[in-house]
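Position 1 is the first residue of the sequence, and the numbers go up from there. Note that these values count all heavy atoms, side chains included, but never hydrogens, waters or copies made by symmetry. We count ligands from 1, going down the list as the structure has it; atoms in each ligand are counted the same way.
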Amino acid sequence: MPWKIERDSTVTFRFTVMMKGPINMAINPPVDATKTPEWAALQKHYDELQSEGISLKQWFADDAERVEKLSFDAGDLHFDLSKNLIKPETLQLFADLAKAVKLDERTKAMYTGVHINNTEDRAVLHTALRRPVEDEGKYIVDGQDTVKDVREVLDRIYAFADKVRSGEWTGVTGKKIETVVNIGIGGSDLGPVMVYEALKPYADAGISARYISNIDPNDLAEKTKGLDPETTLFIIVSKTFTTLETLTNAREARTWLLEELKAKGAIDGSDAKNAEAIKKHFVAVSTNLEKVAEFGIDPNNAFGFWNWVGGRYSVDSAVGTSLAVVFGPARFEEFLHGFHEIDEYFANTPFEKNVVVLLGMLNVWYRNFFKVASHAVLPYDQYLHRFPAYLQQLTMESNGKSVRWDGTPVTSETGEIFWGEPGTNGQHAFYQLIHQGTQLIPADFIAFVNTPNPTKDGDQDVHELFLGNYFAQTKALAFGKTADEVRAEGTPEEIVPARVFTGNRPTTSIFGVALTPFALGELIALYEHITFVEGTVWGLDSYDQWGVELGKQLAKQITPAISKDDDALAAQDPSTQSLIKFYRANREF
Ligand SMILES: O=P(O)(O)OC[C@H]1O[C@](O)(CO)[C@@H](O)[C@@H]1O
């Protein structure tokens with residue numbers, strides 16, 4: 001019996017691993033959610049709401065406890081789901097469908113290292129990255145004590161980070177490191193840069209970070225501008241260490257470093273000095289340590305992770321080394337605790353009360369029943385300005401798929417388009433469409449009670465002015481403004497229709513106490529699991545990304561045709577040929 005299963009007082013299971021090693025619990029074929037009675041019940045509920053007429057105003061008036069019934073707390077985050085197009089009884093239907101697709105079994109399978117990423121035959125164990133030391137020995141997967149291995153790498157990263165932060169680790173000329181430059185792309189960039197931006201107030205060692213990702217030479221050119229090579233440390237981050245963009249940028253950075261050091265007279269350009277400079281100014285993060293050594297990076301300065309960590313689920317692994325350097329090991333630990341808090345909550349809270357499950361189901365509700373195409377994520381915190389971009393990879397690379405994990409076609413719409421910008425900037429740009437456009441766009445509004453930068457404009461607390469917008473927008477979206485209300489303001493009749501707000505535009509408010517490392521860890525884990533819940537309903541392997549491969553292959557084939565190879569050019573389709581001819585005719589550099 002692999003699990004000690006203690007039935008919770010209500011519905012879900014509380015579980016502890018009793019046996020080491022993966023358990024064959026993969027659900028194959030996936031349950032077709034759309035064929036279940038629970039899906040039919042949800043459809044019936046949807047039809048009833050539509051025929052009754054969806055009116056948030058009415059629903060709030062009818063049920064004095066609506067907010068209470070639809071509010072939740074997880075960790076130190078507070079969630080208000082009351083301005084969504086659901087009734088309190090909808091939650092039970094969500095929970096029933098989650099049970100019907102065996103979400104609990106799949107969660108257990110994920111947490112214990114079953115190869116649920118079956119198209120790559122891999123375990124999916126980002127939850128092991130944030131388990132406490134006490135869990136060592138409990139999660140042995142494919143013969144590996146995952147938690148022990150994670151803690152060992154973390155200890156090495158922390159020792160390294162401490163050295164860089166204290167100045168014990170110096171550049172080749174003995175100067176303290178002032179800038180770390182992370183070179184990576186996708187999951188090896190978006191997570192670290194988002195967290196770096198989000199936690200900037202916690203940078204306390206006089207070290208800043210820059211992030212180079214794009215193979216477009218403009219990225220490297222701009223990000224190395226003004227850098228002192230003597231005080232710059234490059235962290236090359238690539239899970240595979242084969243990614244074209246990252247390796248090209250890493251080689252360019254190596255050239256930049258050696259040339260700049262030589263130009264300053266800091267090194268003589270001899271092979272020995274070059275090698276020493278590379279050793280002091282380059283470290284790597286990868287699952288492929290052989291390739292790291294081939295690149296010339298000292299294996300002692302390489303931090304590993306494992307193929308059971310997906311790129312977009314890796315910011316809390318060694319991929320976050322730049323963060324441990326800038327913010328310090330203690331902050332990085334707090335960050336991991338935040339993830340773990342939500343991991344535990346997600347695994348141990350009955351579905352009906354589990355806001356992580358409910359938010360995942362809410363997304364399914366909008367995508368499959370209301371047929372929405374997109375979902376906005378609107379952080380009312382400037383420090384979270386890269387959060388929507390980060391979420392785009394997490395959600396869209398995970399659930400942008402048309403076949404299920406057994407290779408059969410999906411039976412419903414899948415992955416929404418995630419997008420967003422921080423409030424209030426978005427208000428002055430695209431909110432018009434959210435308020436009055438013809439599409440329904442569910443939106444998550446994220447804010448924090450406290451700010452690290454309290455300021456006053458006269459008597460007015462500026463953070464409160466900001467939060468006033470956070471509260472106002474969800475209110476306007478939910479309750480709108482009727483024609484009569486517009487008329488009552490003295491608006492000329494012909495303009496009245498343009499000034500009406502229909503309301504009933506759904507939002508979820510996520511309110512934290514402060515954007516701490518802990519809260520950010522919670523927020524990331526929240527969306528990781530929301531993505532997993534949606535993927536489970538749709539029957540998707542949310543952990544592969546075959547859809548990015550074809551473009552990479554074609555780029556390799558096409559590149560020689562661009563300026564040199566006429567045969568390769570002739571082999572292209574007419575549109576590609578025509579574009580390349582335009583390039584050849586206009587190239588000036
Ligand atoms: O870390 P790597 O191996 O360089 O990969 C970078 C990114 O490329 C992808 O494999 C595909 O774009 C992402 O999933 C990944 O985060």
Visitor: Compute the minimum heavy-atom distance from Glu245 to ligand 1 and say whether it is under 4.0 Å.
Guide: no
Visitor: Looking only at distance, does Gly187 have an N or O less than 3.5 Å from an N or O of ligand 1?
Guide: yes
Visitor: Please report which non-hydrogen protein atom sits nearest to atom 12 (O) of ligand 1, along with the residue it belongs to and the distance in Å to one decimal place.
Guide: Glu397 OE2, 3.5 Å
Visitor: Would you please indicate if the ring centroids of Phe518 and His337 are separated by under 6.0 Å?
Guide: no
Visitor: Quick one: nearest non-hydrogen protein atom to atom 6 (C) of ligand 1, plus distance?
Guide: Ile185 O, 3.2 Å
Visitor: In terms of the angle between their ring planes, are Phe303 and Phe160 parallel, tilted or perpendicular, with boundaries placed at 30° and 60°?
Guide: tilted
Visitor: When the ring centroid of Phe327 is compared with that of Phe332, is the distance short of 6.0 Å?
Guide: no
Visitor: Between Tyr139 and Tyr111, does the ring centre distance come in under 6.0 Å?
Guide: no
Visitor: Could you check which of Ser188, Ser314, Gly547 puts a non-hydrogen atom nearest to atom 1 (O) of ligand 1?
Guide: Ser188
Visitor: Looking only at distances, please establish whether an N/O atom of ligand 1 is found under 3.5 Å from an N/O atom of Gln393.
Guide: yes
Visitor: So which heavy atom in the protein is nearest atom 5 (O) of ligand 1, and how far is it from that ligand atom?
Guide: Thr243 OG1, 3.5 Å
Visitor: Is the Tyr313 to Tyr543 ring centre distance short of 6.0 Å?
Guide: yes
Visitor: Under 4.0 Å from a heavy atom of Gly186: which atoms of ligand 1 are those, numbered in the order shown and with their elements?
Guide: 16 (O)
Visitor: Of all the non-hydrogen atoms in the protein, which one sits nearest to atom 8 (O) of ligand 1, and at what distance?
Guide: Lys552 NZ, 4.4 Å
Visitor: Short list, please: which atoms of ligand 1 are under 4.0 Å from a heavy atom of Lys239?
Guide: 1 (O), 2 (P), 3 (O), 4 (O)
Visitor: Going through the checks in order, is the salt bridge (charged side-chain N to carboxylate O under 4.0 Å, His left out) test met by Arg151 and Glu333?
Guide: CA-CA 11 Å; Arg151 298 309 315 185; Glu333 276 293 301; 2.7 Å; yes
Visitor: Tell me, yes or no, whether the heavy-atom count around Asp271 atom CG, taken from other residues, nucleotides or ligands under 6.0 Å, exceeds 12.
Guide: no
Visitor: Verify whether the ring centers belonging to Phe445 and Tyr380 lie closer than 6.0 Å.
Guide: yes
Visitor: Just let me know how Gln545 lines up against ligand 1, side chain, backbone, both or neither, with a heavy-atom cut-off below 4.0 Å.
Guide: side chain
Visitor: Could you identify the single nearest non-hydrogen protein atom to atom 3 (O) of ligand 1 and state the distance to 0.1 Å?
Guide: Thr240 OG1, 2.7 Å
Visitor: Given that the side chain starts at C-beta and the backbone is N, CA, C, O, which of these parts of Val548 lies under 4.0 Å from ligand 1, counting heavy atoms, or is it both or neither?
Guide: side chain
Visitor: What do you reckon, is NZ of Lys176 surrounded by more than 12 foreign heavy atoms closer than 6.0 Å?
Guide: yes
